[in-house]
*Asks:* 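Below: one structure in C-alpha cells.
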Amino acid sequence: MSTRSTARRVIAALAGVLLAGSMAACGNSDTGGDSGDGNDKIVLGFSQVGAESGWRTANTTSIKEAAAEAGIELKFDDAQQKQENQIKAIRNFIQQKVDVIAFSPVVESGWDTVLKEAKDAKIPVILTDRAVDSADKSLYKTFLGSDFVKEGRLAGEWLVEQKKAASGPVNIVELQGTTGSAPANDRKKGFAEAIAANPNLKIVASQSGDFTRAGGKQVMEQFLKANPKIDVLFAHNDDMGLGALEAISAAGKTPGKDITIITVDAVKDGMQALADGKFNFIAECSPLLGPQLMELVKKVKAGEEVPARIETEETTFTQEQAKEALPNRKY
Ligand code: GZL
C-alpha cells in the first residue's frame with residue numbers, strides 16, 4: 001500500500017473518531033443541558049430530627065412521599081435527636097452541592113455558624129416544623145410549621161373552661177418536650193399564659209420526657225411518687241401522654257377520670273386514646289408538611305420570593321370529635 005493511501009486512511013480514521021466524539025457531546029446536550037451527570041432533578045438535602053414519636057414518623061413519610069411525587073431527589077438524614085448530627089448532615093449537603101437544604105432543628109439555638117456556611121455556599125435553606133432563634137433572618141428563606149404557642153394556649157384555655165367551677169387548687173403536672181426545642185419552649189409558654197386566668201390552676205411539677213413514650217412513662221412515675229394529688233396532666237405530645245397512661249394505671253388511677261389528660265399532636269394512637277376516654281383533649285399539630293415543603297423547594301430553587309413564615313392549619317379535638325374524626329385520619 002502506497003504511503004499516500006495509508007496517510008489518507010489514517011486521516012479518514014481520525015476524522016471518524018472526531019465526528020463520533022462531537023456527536024456524543026451533542027447527544028449529552030440534547031438531554032436538556034444537564035450538569036454532565038445526566039441528572040437535572042432538583043436535589044434536596046433534608047436533615048430530620050430523628051424517629052422519636054408517631055408524629056415524627058408521619059412527618060418523615062410525608063416528606064419522602066412528597067419528594068417522590070414532585071420528582072425531587074431527596075438526600076435524607078436521621079439525626080437521632082442530636083444537634084451535632086444535624087450540623088454534620090448540613091455540612092455534607094453543602095459539600096455535595098445540593099440545590100436546597102431543609103431541616104427541622106432539634107433545638108432552637110446553635111445554628112448560625114452552619115447556616116452561614118450554607119449561605120456562603122449559595123445554598124438556600126428552608127426551616128420546617130421547628131424554628132431557630134437566629135437573629136439573622138437572612139440565614140434561611142422561610143419557616144414552614146405550626147404556631148406552638150397557640151397550641152399550648154388552646155390546651156390551657158380548654159382547661160380553664162373545664163375547671164372554672166373549681167373551688168380549690170387544681171394540681172397540674174407537665175411533661176415537656178425535648179429541652180431547648182421550639183415546641184417545648186412555646187407550648188409551655190402558651191399553656192402557662194392561658195391558665196393564669198384561674199389562680200386555682202397550679203403547675204406543681206414540670207419536666208422533660210423528650211417527646212418519647214418511654215420518657216413520658218418514666219417521668220410520670222416520678223410525678224406520681226412525689227405528688228399525692230395530681231388532677232391534670234399536660235403532655236407536650238401524644239407519645240409522652242401515652243407513656244404516662246401506663247404509669248397512671250399502674251398507680252391504680254383511671255386516666256381521663258382521676259387525672260384529666262391534655263396532649264398535643266393528634267396522631268392516630270393519641271386520637272384513639274381520646275376516643276376511648278383515656279385522654280380528654282388534644283390540640284392538633286399537623287406533620288403533613290411534605291407537599292408544601294416541595295412546592296417551596298421548587299420556588300426557592302427557581303429564585304422566586306417565598307413568605308418568611310408559613311403557618312400550618314390545625315384544630316383541636318374533644319373526645320366526641322375524636323370518635324367522629326378517627327376513621328378519616330391520615331396519620
Ligand atoms: C412539633 C414536633 C414535635 C411533635 C412531637 O412540630 O416538632 O416533635 O409535637 C415530635 O411529637 O416529636
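Both ligands and their constituent atoms are indexed starting at 1 by order of listing. No experiment lies behind these values; they were computed from the predicted model shown.
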*Asks:* So is C285 close enough to ligand 1, meaning a heavy atom under 4.0 angstrom away?
*Replies:*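 C285 counts as a contact of ligand 1 under the 4.0 Å cut-off.
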
*Asks:* Please work out which of E314, R130, E52, E151 has its closest non-hydrogen atom nearest to atom 3 (C) of ligand 1.
*Replies:*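 It is R130 that holds the nearest heavy atom.
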
*Asks:* Can the ring centroids of F103 and W111 be said to lie less than 6.0 angstrom from one another?
*Replies:* yes

*Asks:* Establish, yes or no, whether the cationic atom of R91 lies under 6.0 Å from the six-membered ring centre of F93 and within 45° of the ring axis.
*Replies:*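 No, cation not above the ring by the 6.0 Å, 45° rule.
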
*Asks:* Assess whether atom CD of E84 is packed by more than 12 heavy atoms of other residues, nucleotides or ligands within 6.0 Å.
*Replies:*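 Above 12, so yes.
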
*Asks:* Which atom pair, heavy atoms only, marks the closest approach of L242 to A273?
*Replies:* CD2-CB, 3.9 Å

*Asks:* Using the side chain to side chain donor-acceptor pair (under 3.5 Å) rule, pick out the option among Q81, Q80, Q86, R56 that qualifies with Q48.
*Replies:* R56

*Asks:* Give yes or no for whether the N/O distance cutoff of 3.5 Å, strictly under, is met between H236 and ligand 1.
*Replies:*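 N/O-N/O distance below 3.5 Å does not exist for this pair.
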
*Asks:* With heavy atoms of S53 as the reference, note each atom of ligand 1 found under 4.0 Å away.
*Replies:* 5 (C), 10 (C), 11 (O), 12 (O)

*Asks:* Look at ligand 1 and say whether D239 reaches it with a heavy atom at a distance under 4.0 Å.
*Replies:* no

*Asks:* Does ligand 1 have an atom that lies less than 4.0 angstrom from a heavy atom of V264?
*Replies:* no

*Asks:* Below 4.0 angstrom, N of the basic side chain to O of the carboxylate: do E246 and K217 qualify?
*Replies:*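 Counted as a salt bridge, because a side-chain N and a carboxylate O are separated by less than 4.0 Å.
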
*Asks:* Looking at side-chain heavy atoms only, is the closest gap between K163 and T260 below 4.5 Å?
*Replies:*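 Of all side-chain heavy-atom pairs linking T260 with K163, at least one is under 4.5 Å.
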
*Asks:* Which atoms of ligand 1 are found less than 4.0 Å from any heavy atom of F148?
*Replies:*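 Near F148, meaning under 4.0 Å from one of its heavy atoms, ligand 1 has 1 (C), 6 (O).
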
*Asks:* Using a 4.0 Å heavy-atom cut-off, which part of Q81 comes near ligand 1: side chain, backbone, both, or neither?
*Replies:*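 No part of Q81 comes within reach of ligand 1.
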
*Asks:* Identify the closest protein heavy atom to atom 6 (O) of ligand 1: which residue and atom is it, and at what distance?
*Replies:*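 Result: D129 OD1, 2.3 Å.
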
*Asks:* Specify the protein heavy atom at minimum distance from atom 11 (O) of ligand 1: its residue, its atom name, and the distance to 0.1 Å.
*Replies:*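 The closest heavy atom on the protein side is D265 OD2, 2.6 Å.
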
